[in-house]
Amino acid sequence: GEDVEQSLFLSVREGDSSVINCTYTDSSSTYLYWYKQEPGAGLQLLTYIFSNMDMKQDQRLTVLLNKKDKHLSLRIADTQTGDSAIYFCAEILSGGSYIPTFGRGTSLIVHP
Amino acid sequence: EPEVTQTPSHQVTQMGQEVILRCVPISNHLYFYWYRQILGQKVEFLVSFYNNEISEKSEIFDDQFSVERPDGSNFTLKIRSTKLEDSAMYFCASSEEGLASYEQYFGPGTRLTVT
């Protein structure tokens, strides 16, 4: 079955770039998402990429998709303390029930 | 900006008791979902609901669980006889379109603690 894996923690200094990585097992993914969860809040959709794309950029966020390696990354440029949150990777498969599969989430800690 | 709300934020209950978790989805959304996240584990899909019936459910969503839209605004998840392993954060979500929509809006979650 499908599986999505992420590292649990990432610590960066304010102003540096953050790269959060995610691997998935099923090559029939259609949508791949990044969600952000701030303390006490729900999951907020940050960005998504279709599986026929390699890259998507949205202001400080860059999503890279390597379909061969089944690897998805989220790069946050000029990381700010307000970016401290848990980031979830998720995929939706084609031809199935469209139930999203989430990773455990990566806790990003930004130090001043 | 419209948002999904959930109550209570934290619910403590004894094993064997029934609990009802409440959600108010975004008003013009038609699809509703429940997810849960056991501490330290992945966010897991439980159920989706559309047009007053369940459209998808996972293996987790057994006979102990039920969902209801009792009126035009609330969407509830009931656990009939809670077990210790039901302790988790429960998220409600809603979307304008079905699961294939790229955008589901999530509530802040209800932390359920079963003692």
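Any value given below was found using the heavy atoms of this structure, including those in side chains, with hydrogens, waters and symmetry copies removed. Numbered from 1 within each chain, the chains take letters A, B, ... in sequence-line order.
- Looking at B:Glu44 and B:Lys42, no side-chain N of the basic residue comes within less than 4.0 Å of a carboxylate O on the acidic one, giving no salt bridge.
- Neither the backbone nor the side chain of A:Gln6 comes within contact range of chain B, judged by heavy atoms closer than 4.5 Å.
- Put simply, of B:Ser9, B:Gly109, B:Gly40, the one with the most heavy-atom pairs under 4.5 Å next to chain A is B:Gly40.
- Side-chain atoms of B:Gln104 and A:Tyr33 form no donor-acceptor pair, as typed in the model, at a separation below 3.5 Å.
- Partner of B:Phe49 under the ring pair (Phe, Tyr, Trp, His ring centres under 6.0 Å) criterion, chosen from B:Phe61, B:Phe75, B:Phe65, B:Tyr31: B:Phe75.
- With a threshold of 4.5 angstrom between heavy atoms, B:Glu3 does not approach chain A through any atom at all.
- Screening B:Trp34, B:Phe32, B:Tyr35 against B:Phe106 for a ring pair (Phe, Tyr, Trp, His ring centres under 6.0 Å) leaves a single residue, B:Tyr35.
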